[in-house]
Every structure is written in structure tokens, then in C-alpha cells.
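Before any comments, here is the structure.
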2 protein chains.
Amino acid sequence: MERLKSSLLEYSISQLATEFGVTARTLRFYEDKGLLRPTRSGQSRIYSAADRARLRLILRGKRVGFTLDEIREMMDLETLDSGGFIHLNTTLKRFRARIIALKQQRSDIDLSIAELEAGCAWLDARLVDREPSEEIKQNAKAFEALALARLES
Amino acid sequence: MERLKSSLLEYSISQLATEFGVTARTLRFYEDKGLLRPTRSGQSRIYSAADRARLRLILRGKRVGFTLDEIREMMDLETLDSGGFIHLNTTLKRFRARIIALKQQRSDIDLSIAELEAGCAWLDARLVDREPSEEIKQNAKAFEALALARLES
DNA sequence: TAATTCCTTGACGTTTACGTAAGCAATAGC
DNA sequence: GCTATTGCTTACGTAAACGTCAAGGAATTA
């Protein structure tokens, strides 16, 4: 019980894991992949605030569809100083491609949210009474028609 | 050469695949998974406009992070008429959870786009002249600081 | 001292979403 | 009639991202 000073600056593997809703295995895996480099106290890992920030970045990167390898490359941008030109150039191209993909993804998400909300409304109505009334069936049809209309372009 | 009438209403597997930038294998895989049900002409698959619409939905679903299983469940909503209540309820819950996740994802994407654009600007500057000038190094530092600032909360 | 608890390093297992190759049928063009 | 293209099925392979033991070390707690 002498972890008072560290509670704000340093984290054990399970502290960080539970805070971010991942498992310890995940953190070790990220370390294997070169995404995190916690220091050691004896043989135990100690995560700094910077490690925590990196983890946050990793998880956000994952949520938007980057692979772990891509995320590592992005985070190694600083180290890229000594890298070659071609590498810089391909990185730039991949960034631009990612931006385009992300914008596409964002509009996809807007569409999906709208459809899911329509679906929720429909399910809600269906849950109100067990015997699906004609009216609800009509709503269902309307929902389907709406979805199909969205599908065509 | 008697595929004239079908060119607008029906598609061969490779037509549909190239149009959507996937492989034929992918379409067969989706069929195995119950996501597509093209009719057959002899043993060859024939995809209708409805199949094409479903494929578009599948790919969009994938882009926003649904698994193929989830996508199939969503598309089976109509068939859900004969399903039980518990299933309806869990489906509803999963929809709502998905909506929340999608909104989170959307803000993640906005952040990522901003960071990637900053990264592009930085890489652009680094590519202008081979010898990284002091000014550019300063920009790099600024970029890093910006990124780090974003990371803290 | 014994029992938990937390951490460690392997190492193999699992799921998802296809890739890839083998071997054969049907069709189209020369 | 031969060959090139396109498609089919079956089946094994693979990369990503962990999960899941196994076996053990160190430290706190009863």
C-alpha cells in the first residue's frame, strides 16, 4: 500500500486495462506489436500518462478502422525523421486515402444511424402489443420501403 | 451474346464484383453466409437489382463496423415477423447500442480526420525540401503538441 | 507459514473474412 | 474441333486481434 503517489501518474496493467475496458492480454499484445512501451518495475509493467494517451489513441484509431500496424506507423511519425522519401510519400498518400475513406465512412454512419433509428421505432411499435395490428404492419411496410428507397443510390 | 435485356436488371457474378470492387469469392462467401440469394441459370449465379441493393447495404454495413452476422440479422428484420419476443427485444437493445457506438464512432472520425489533415500538412512541408529546415521542425513540434493536446481528454 | 492476488512469459486456440488452388462444366470465338 | 474465358464446388490457407490455458514468480493478507 504505497501506490499513492503513482495513482495519478502511473498505472498497473490491470488499472489501465479496466479503465479502458480491455484486457491485460490486449495491452501486452499491443506491446508486442510495438504500440506501447511501458517501463518496468522489476518485471511488472508500469504505464505512464503518455502510455495512457497512446492507448487512447490506439483505441480510437481502431474504432475508426485502422489496423494496429497502421496505427503504429502513424504514431511513429516522429521517428520518421530519419526515414526515406519514398516512405514519406507513401505515408502521405495513405493518409490522404484514409481521409477520403473516413469521410465516406462518416456519411455511411449517418445513413446507418437513420436506418437504425427507423428500425428501433418499428421494433418499438411491434413490442407494444403482441398481435401485430394492420397499422403496424403498414408501418413495417413503410419502413421497408424507406430503406429500399435509400438503397437505390 | 444475348445478355442485352439483362444488362440493366441482372448481373453476372463478375459484373457485380467488379462494379463494387470485390471479388467473386466474396459474393459466394456472402451467399454461403446467407446474405445474398441470387437465382441460378443452370449453375451460374444471376444477381437481380435487389441483390445488388442488398450488396450495397452489406458493404456499407461493413464500412461502419458491423460483422457479416450482424448485417444478416438486420436484413432479416422482415422475416422476423414470426420471431419471438425475446429476440425482438434483444435486437432492439443491440440496435440502440449500435446507434450509440455509431455516434461515438462519428466523433472519433471527425477527430481522426482533423489529425490526419494536420499530419498531411506536416508531411507536405517535409516533402518540399529535402533538408528539413528549422522552421519545418518547428511545425512538426507544433503538430505533435496539437496532437498531444487533443489526446488529453 | 499458507493462501490469495497480481503479474509474468510462452504457446496454442479462435473468429472473421476472405484468398488461393485444384479440378471440372459450359460457352464463345476462331 | 480446339482453346480461352467464365463460372462452379470443395477444401485448405491466412492475417488480424486477441482468448485461453499453463506454469511460475513476487507480494500482500490471514
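Within every chain, numbering begins at 1; the chains are lettered A, B, ... in the order of the sequence lines, protein sequences first and strands thereafter.
We find that CD1 of B:Ile13 is positioned 15 Å from C1' of D:dT5, with the value rounded to whole Å. The distance from atom CG of A:Leu55 to atom P of D:dC18 is 11 Å, rounded to the nearest whole Å. Here C:dT15 presents its C1' atom at 13 Å from CD of B:Glu70, a figure rounded to the nearest Å. Distance B:Gln43 CD to C:dG23 P: 18 Å, rounded to the nearest Å. One interatomic measurement links the two molecules: CD1 of B:Ile46 to P of D:dG7, which rounds to 11 Å at whole-angstrom precision. The nearest whole Å value for the distance from the CG atom in A:Leu35 to the P atom in D:dA16 is 13 Å. Atom pair B:Ile71:CD1 and C:dT16:P shows a separation of 13 Å (rounding to whole Å applied). In this structure, A:Lys62 places its NZ atom 13 Å from C1' of C:dT16, rounding to the nearest Å.
Within residues 20-34 of chain B, the residues approached by DNA chain C to less than 4.0 Å at the level of any non-hydrogen atom are B:Thr23, B:Arg25, B:Thr26, B:Phe29, B:Tyr30, in residue-number order.
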CA sep, side-chain torsions, deciding dist, call: A:Arg54, A:Glu31, salt bridge (Lys or Arg N to Asp or Glu O under 4.0 Å): CA-CA 11 Å; A:Arg54 286 174 74 87; A:Glu31 187 176 348; over 6 Å; no

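Note on the helix from C:dT1-D:dA30 to C:dC30-D:dG1: angle between the axes of the first and last five pairs equals 0°, rounded to 10 degrees.
Ranking C:dT8, C:dC6, D:dT9 by closeness to the B:Arg45 side chain, first place goes to D:dT9.
Cation-pi geometry between A:Arg56 and A:Phe20 is not satisfied (NZ or CZ under 6.0 Å from the ring centre, within 45° of the ring normal). Judged by the 6.0 Å distance and 45° axis criteria, B:Arg52 is not positioned over the aromatic ring of B:Tyr47.
Of the residues B:Ile58, B:Leu16, B:Leu27, the one that meets the side chain to side chain contact (heavy atoms under 4.5 Å, CB included) test with B:Val22 is B:Leu27.
Checking side-chain atoms of B:Glu117 against main-chain N and O of B:Ala114 turns up no donor-acceptor pair under 3.5 Å.
Two residues, A:Arg40 and B:Phe66, neighbour DNA chain C, and the one matched to the more 5' nucleotide by heavy-atom proximity is A:Arg40.
Salt-bridge formation is detected for the pair A:Arg72/A:Asp69: a Lys NZ or Arg NE/NH1/NH2 atom is positioned less than 4.0 Å from an Asp or Glu carboxylate oxygen.
Side-chain contact check for A:Glu70 versus A:Arg98: some heavy-atom pair is nearer than 4.5 Å.
Atom NZ of B:Lys103 is separated from atom CG of B:Asp108 by 14.5 Å, given to the nearest 0.5 angstrom.
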